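Worksheet: one structure, shown below.
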Protein chains: 2
Amino acid sequence: MPPKQPATAAESGASPWDEAAERIRASGFRWTPQRRTLVEVLRAREGHVTATELIACCRERDQTTTPSTVYRTLDLLEDLGLVKHGHGHDGHEEYHILPQQVHGHLYCVGCGATWEIRPETGAVIVEALASQLGFTVDLSHVTISGRCAGCHD
Amino acid sequence: MPPKQPATAAESGASPWDEAAERIRASGFRWTPQRRTLVEVLRAREGHVTATELIACCRERDQTTTPSTVYRTLDLLEDLGLVKHGHGHDGHEEYHILPQQVHGHLYCVGCGATWEIRPETGAVIVEALASQLGFTVDLSHVTISGRCAGCHD
DNA sequence: ATCGCTATTGCAAAGGGTTGCGATAGCAGG
DNA sequence: CCTGCTATCGCAACCCTTTGCAATAGCGAT
Ligand SMILES: [Mn+2]
Ligand SMILES: [Mn+2]
Ligand SMILES: [Zn+2]
Ligand SMILES: [Zn+2]
C-alpha cells in the first residue's frame, strides 16, 4: 500500500516553518522560546489572523507572552517572508500567513462582509496602475471598502 | 471698479461651513463652543488632515480641547457630509475636508511619497469591481501601497 | 429671566500598536 | 563546561482611538 499523499502543504511533512529556526540563526538572529511559541501558533493556522488573535494564541501556550515581543517577532518573520501584514477596513493589523499568492480584500460597509479579490479582478487593477502610472500596486496591504451587490441603497 | 471675484470656494463669501451651525441645530444637535472651534479650524484648511493635526489646531485656539470631543465632532460632521474619513498607509485616520470629488491615494513604500489617484485611473478600478462583482468601491477610504516608477528594485 | 429636558462634555479607562532602556539569556569560542 | 558579546526580553511609557459615566450646559418653552 502506497503512503498517503498529503492533501495540502499544511499537512505535508515539509513546511517553510521547519526551516524558520535555521533561517533565523543563519541571519545572525537567535532562536528563543518566545519565537518558537509564535512559530508553532502560526504553523497551526492558515490564511489570515489579526495580531491580537496571535497574541491570545501565544498566551494559551505560554502565559507569560508579552505583546511587544510578539509584534517584534512578527516584524522579523515578515522580513523573512513568512508572514505579510495588512490592514483591515478599520486600519487594524492583519497578517497573511505564508503569503505565496497574496490577494486583496473587499469590505462592504452595508453588511460588514469581506471577500478576497479574485486574481483576474486584481490583475485589472494592478495593470491599470502599472500602465498608467508605472506604479506597482500591493493589493494585499489594505482592505478596500464599498458596497456589495446586495447592499445598494 | 467691480468687486474682485474670489478665486476659490475657500475665499468666496459662501461656504458650506457657514451653514454648519444651522444644519447641526436643524438635526436636533447643539451648537457648542467646542464644535465651533473645530469648524473654524476646518474652514481654514483644504484637502486632507490627520485627526492628530486637527486636535493640535483646535488646541491652539482653545487650550482646553479634548481628543474625545474632537473625534466625536468629526463623526458628527461626517454624518453631515462635511468631512470624510480615510486611512493612511499605516492605518491612521485622515480626513478629507468638504469631500466634493473624493479620490484615492497611492503610497510608495520605497520613497514614502503619496499621490492622489487621478479620476481616469480611479474610474478603471471602480469599473473593474463594478462590472465583475457588482461592488461599488469607495476608493477614498484607504491609501493603496506599492512602488512608484522611480523605486523599482 | 428662569426652568427642564437631554445632548454634550471631560475624564478615566481600555484596546491596539510602538519604542527606549536596563536586565536576561542565546550562542559562538576557548 | 565556562566566558563574553550582544541580540532579545519584559516593562513602562507613550501615541492613536473609542467608550462609559456623571456632571455640565444648550436651547426651546414658559
Ligand atoms: Mn475606516
Ligand atoms: Mn501597513
Ligand atoms: Zn453588503
Ligand atoms: Zn517611490
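Labels below follow one simple rule: chain letters A, B, ... track the order of the sequence lines, proteins then strands, and each chain is numbered from 1. This is a predicted model, so every value here is computed, not measured.
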Check: Under the salt bridge (charged side-chain N to carboxylate O under 4.0 Å, His left out) test, which residues partner A:R59, sequence neighbours left out?
Finding: none
Notebook entry, point to check: Tell me, which pairs form a ring pair (Phe, Tyr, Trp, His ring centres under 6.0 Å) where one or both residues lie in residues 41-76 of chain A, sequence neighbours left out?
Noted result: A:H48-A:H96, A:H48-A:H103, A:H48-A:H105
Check: the helix from C:dA1-D:dT30 to C:dG30-D:dC1: angle between its terminal axes, five pairs each, to 10°?
Finding: 10°
Note to self: Among residues at least two apart in sequence or on other chains, which ones pass salt bridge (charged side-chain N to carboxylate O under 4.0 Å, His left out) with B:R118?
What the structure shows: B:E120
Notebook entry, point to check: Could you give the start and end, 5' to 3', of the contact zone on DNA chain D for chain A, using atoms under 4.0 Å from its heavy atoms?
Noted result: D:dT6 to D:dC11
Contact list (N/O, under 3.5 angstrom) for nucleotides 2-4 of chain C vs protein:
none

Next item on the list: Output the residues of residues 82-95 of chain A in contact with DNA chain C, where contact means a heavy atom of the residue under 4.0 Å from an atom of the strand; sort by number or write none.
Entry: A:H92, A:E93
Note to self: Using a 4.5 Å cut-off between side-chain heavy atoms of Ile, Leu, Val, Met, Phe, Trp and Tyr, which other residues end up in the same hydrophobic cluster as B:V109?
What the structure shows: B:Y107
Check: Among residues 31-40 of chain A, which contact DNA chain D at a heavy-atom distance under 4.0 Å?
Finding: A:T32, A:Q34, A:R35
Atom pairs and distances, side-chain donor-acceptor, residues 132-143 of chain A, under 3.5 Å, sequence neighbours left out:
residue: A:Q132; atom: OE1; partner: B:T121; partner atom: OG1; Å: 2.6
residue: A:T136; atom: OG1; partner: B:H152; partner atom: NE2; Å: 2.7
residue: A:D138; atom: OD1; partner: A:S140; partner atom: N; Å: 3.1
residue: A:D138; atom: OD1; partner: A:S140; partner atom: OG; Å: 2.8
residue: A:D138; atom: OD2; partner: A:K84; partner atom: NZ; Å: 2.8
residue: A:S140; atom: OG; partner: A:K84; partner atom: NZ; Å: 3.2
residue: A:H141; atom: ND1; partner: B:S145; partner atom: OG; Å: 3.1
residue: A:H141; atom: NE2; partner: A:H85; partner atom: NE2; Å: 3.1
residue: A:H141; atom: NE2; partner: A:H87; partner atom: NE2; Å: 3.4
residue: A:T143; atom: OG1; partner: A:H87; partner atom: O; Å: 2.9

Item checked: salt bridge (charged side-chain N to carboxylate O under 4.0 Å, His left out) involving A:R35 - partner list, sequence neighbours excluded -> none
Note to self: Between B:I55 and A:D62, which residue's closest nucleotide on DNA chain D lies nearer the 5′ terminus?
What the structure shows: A:D62
Would you tabulate the nitrogen or oxygen pairs shorter than 3.5 Å linking the protein to nucleotides 21-25 of chain C?
none

